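Below is one structure, written out as structure tokens; the observations come after it.
Residue numbering restarts at 1 for every chain, and letters A, B, ... go by the order of the sequence lines. The structure presented is a predicted model; accordingly, all values stated were derived computationally and were not measured.
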Protein chains: 2
Amino acid sequence: MKINSTKVAQIAGVSRSTVSRVINNYSNVPSETREKILKIIDELGYIPNTSAQVLAGKKSRTIGLFIYGDNNDKSKILDNGLSFGYYLDFINRVLKEALKLDYQLLVDVINDNNFSKVESLYVNRDIIGGIFIGFKEGDENIQKIIKQHSPIVLVDYLSNPNCENKEVYYINTEDFNGAKEATEHLINLGKKRVIHISGDRCKLSGKEREKGYIEAMKKFGMTPMIYNGNYSDEKATEIIMNLLEKNIEFDGVFCANDNMSYCVNNVLKENGKENIPIIGFDNLRNTIPLGLMSVAPDINNLAKTAVELFQNDKGEKQKVTFIKTTLIKGLKEYIKESYLD
Amino acid sequence: MKINSTKVAQIAGVSRSTVSRVINNYSNVPSETREKILKIIDELGYIPNTSAQVLAGKKSRTIGLFIYGDNNDKSKILDNGLSFGYYLDFINRVLKEALKLDYQLLVDVINDNNFSKVESLYVNRDIIGGIFIGFKEGDENIQKIIKQHSPIVLVDYLSNPNCENKEVYYINTEDFNGAKEATEHLINLGKKRVIHISGDRCKLSGKEREKGYIEAMKKFGMTPMIYNGNYSDEKATEIIMNLLEKNIEFDGVFCANDNMSYCVNNVLKENGKENIPIIGFDNLRNTIPLGLMSVAPDINNLAKTAVELFQNDKGEKQKVTFIKTTLIKGLKEYIKESYLD
DNA sequence: TTGTACGCGTTATCAT
DNA sequence: ATGATAACGCGTACAA
């Protein structure tokens, strides 16, 4: 037996309109009527149909979380990117924060070929807005969304302030500082030839981490040695093998993410280089236990900030937030950071 | 400018029905007409409105994932259960499998007070079905869902076969074998007094793990020593402190989950008991690196199995699946299992 | 093969 | 304060 607002209205002896007003907390319903209807709703176990609500123009409580997968092979990004990488932890944190605030979360992996899904979700009001992560600087589709839809939360994306009246929020990690601290730590360990395997230079984080490394090196009067790893396993492996083959000397490695530091470590260990300290970025679960170090963004705060932006309490548009990082040097700090609170 | 099926139909010079038929892959549309309409759809970037589709009776592509939080404080389960615990990894795996098969995933934490949300989702066809995890054996709400809605996938829930014609699937871990193997490992290490901190006896896993422990002990002619930890941090901590206080001897610990083994380890280390081996269950990220061991369910397979049941290719109803476990003895196996593939 | 017409359940608008 | 009615966009039984 289907229970809808019509049925509730019939029993209450009012019209569907009034029932709707009660459900949506309109002020112009006498408390007597309200109580009566609420009671019936409770007895019947009536719950409004979300699809109908959305179709009729009500705001949804679903937040979209969109992760960029930069190739056409969906299962590849799902395997390599989503499962192994940094996004995984982020999804959890966002989910948690969303649930706390009674939002629902819709997660999807997006590339150039299926970006229309995102637009559809905005247009059909299936989502209240979206959080975007992993997109390259100046990505066409993102630019389009910024212009046409709102609100939008961009994680690790260059802020461009030219979109006056829309709700566009930027959340970035303190990549520069984190990278600088990491590099300095290596130098303070007495290392004289610290190299940097850089990240994707099309992303803000990639550029900033590289800059942080350079800054630290210069501060100590050392010459930066940078190899472009593009955040990828393959590239990092290739680079480090090349260095070994050509006998290029180095005694410390700062990688722009843990994905790469993991690979670098594998190669170095295989070649008997046990004593070269390695620092990555992201604090993935399978680097610290191996004896590597990592720069950990405060991902809890990142997620919380992202979700809370949808409340739009303060009416601020176009806010830019920077998230702090912690240098994880060993298991003790790692375990501590594993707790989400 | 809104684009809907009416617009597409107008431009194509056909009726909305035909457009709908093309979208839903009906066979009775000449390929010529189909091509024409598809082209227009592509040009316009038209995407059907999901809410309207669902409202009009189409099956949704959203799978519900419901996690039981056994108290009323939502943020507590979110913090303690969701973030720290075993569910976290499971959510990720399910998400990944769902995305692979082009499903969407809706995650929510459920307790007795908000269970109506689940019914609503079923009734309103917002979800194609649900995966339920963490619910106690015989849970009233679950029984109700089993009777009234379908399909339903139950993880770690006693199978009750009295629901003839509905799609009810059970997925359990090989708790008995895993527990037995773990206990035997401790015994093979030469331990003479292995205790068990048991799990929630209202859950299948809790009971089976206890049974597995007992079986192993008996096999070696040893007397089981069981303390009911109920899967909880507090209980486990209390138990182990009590044992120390009362000078009850033991030289090995098998805990029914990693949550508890983590706590047990803390207490033992604080009291200078460094050499008592501890094995937990679930392979959480913060136990193995501490030097503990853990029984790891093949959570990838678990998630994959759960999601694939919604395809219902084979038309099997009421299937019971058991998921294998691996005993993780150290970092090497831990790292390996951290990969999702 | 294709079109007509109804129904899905709700919210918003307008009128009273 | 409340009711009637028009959207919202789509699927489908039925008719043609």
Side-chain angles (χ1 to χ4, degrees), chain A residues 1-38 40-41 44-62 116 119-128, chain B residues 1-38 40-41 44-62 116 119-128:
Chain A
M1 181 195 61
K2 302 252 166 156
I3 299 168
N4 50 30
S5 64
T6 305
K7 188 148 292 167
V8 175
Q10 279 172 355
I11 297 178
V14 296
S15 75
R16 282 187 315 137
S17 307
T18 306
V19 174
S20 175
R21 289 188 187 104
V22 169
I23 290 170
N24 294 292
N25 275 316
Y26 278 54
S27 56
N28 56 350
V29 179
S31 59
E32 198 181 342
T33 317
R34 161 166 281 121
E35 297 307 327
K36 185 175 67 179
I37 294 179
L38 283 177
I40 295 174
I41 286 178
L44 263 54
Y46 162 70
I47 299 183
N49 183 309
T50 315
S51 296
Q53 289 181 311
V54 170
L55 194 57
K58 200 181 170 179
K59 247 194 177 177
S60 106
R61 296 276 313 167
T62 301
S116 56
E119 287 204 78
S120 151
L121 290 168
Y122 268 106
V123 171
N124 295 334
R125 296 190 314 282
D126 290 331
I127 56 173
I128 185 181
Chain B
M1 182 193 60
K2 302 252 166 156
I3 299 168
N4 50 30
S5 64
T6 304
K7 188 148 294 170
V8 175
Q10 281 173 353
I11 297 179
V14 296
S15 76
R16 272 196 324 114
S17 312
T18 305
V19 174
S20 176
R21 288 187 188 105
V22 169
I23 289 169
N24 294 293
N25 274 316
Y26 279 53
S27 54
N28 57 350
V29 179
S31 59
E32 197 181 342
T33 316
R34 162 166 280 121
E35 297 306 329
K36 183 174 67 179
I37 294 179
L38 283 177
I40 294 174
I41 286 178
L44 263 54
Y46 163 70
I47 300 183
N49 183 308
T50 315
S51 295
Q53 287 181 312
V54 170
L55 193 57
K58 199 179 172 178
K59 250 193 177 176
S60 107
R61 297 274 315 165
T62 301
S116 57
E119 287 203 76
S120 151
L121 291 168
Y122 268 106
V123 170
N124 295 334
R125 296 191 314 282
D126 290 330
I127 55 173
I128 186 180

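- One atom, CG of B:Asp126, and another, P of C:dG9, lie 12 Å apart when rounded to the nearest Å.
- Protein chain B touches strand DNA chain D; the 5'-most and 3'-most nucleotides with an atom under 4.0 angstrom of its non-hydrogen atoms are D:dG9 to D:dA13.
- The structure places CG of B:Leu38 at 10.5 Å from OG of B:Ser31, a figure rounded to the nearest 0.5 Å.
- The side chain to side chain contact (heavy atoms under 4.5 Å, CB included) check on B:Arg21 picks up B:Ser17, B:Thr18, B:Tyr26, B:Asn28, B:Val29, with sequence neighbours excluded.
- Rounded to an integer number of Å, the gap from CD of A:Gln53 to P of C:dC8 is 17 Å.
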Under 3.5 Å, N/O pairs linking protein and nucleotides 12-16 of chain C:
| residue | atom | partner | partner atom | Å |
| --- | --- | --- | --- | --- |
| C:dA12 | OP2 | A:Tyr26 | OH | 2.6 |

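- Closest approach of A:Tyr46 to A:Ile23, counting heavy atoms only: CE2-CD1, 3.5 Å.
- At the heavy-atom level, B:Val19 lies nowhere under 4.0 Å from the strands shown.
- The distance between atom CG of A:Asn4 and atom C1' of C:dG7, rounded to the nearest whole Å, is 12 Å.
- Heavy-atom distances to DNA chain C give each of A:Ser51 and B:Thr33 a nearest nucleotide, and the one nearer the 5′ end belongs to B:Thr33.
- Atom CD1 of B:Ile40 and atom CD1 of B:Ile3 lie 12.0 Å apart (nearest 0.5 Å).
- Nucleic acid contact class of B:Asn28 (heavy atoms, under 4.0 Å, all strands): base.
- Taking CD1 from A:Ile37 and OG from A:Ser20, the interatomic distance works out to 10.0 Å, rounded to the nearest 0.5 Å.
- Considering only residues two or more places apart in sequence or on other chains, B:Glu119 meets the salt bridge (Lys or Arg N to Asp or Glu O under 4.0 Å) condition with B:Lys144.
- Evaluation of the side-chain hydrogen bond (donor to acceptor under 3.5 Å, both in side chains) rule for A:Asn124 yields A:Ser120, B:Asn49 as partners, not counting sequence neighbours.
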What side-chain donor-acceptor pairs closer than 3.5 Å can you find for residues 50-58 of chain A, not counting sequence neighbours?
| residue | atom | partner | partner atom | Å |
| --- | --- | --- | --- | --- |
| A:Thr50 | OG1 | B:Asp126 | OD2 | 3.4 |
| A:Ser51 | OG | B:Asp126 | OD1 | 3.3 |
| A:Lys58 | NZ | A:Asn24 | OD1 | 2.7 |

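- Using a 4.0 Å heavy-atom criterion, one finds that A:Val54 contacts no nucleic acid atom at all.
- Atom NZ in B:Lys36 sits 13.0 Å away from atom CZ in B:Arg34 (nearest 0.5 Å).
- In this entry the distance linking CZ of B:Arg125 with P of C:dG7 reads 16 Å, nearest Å.
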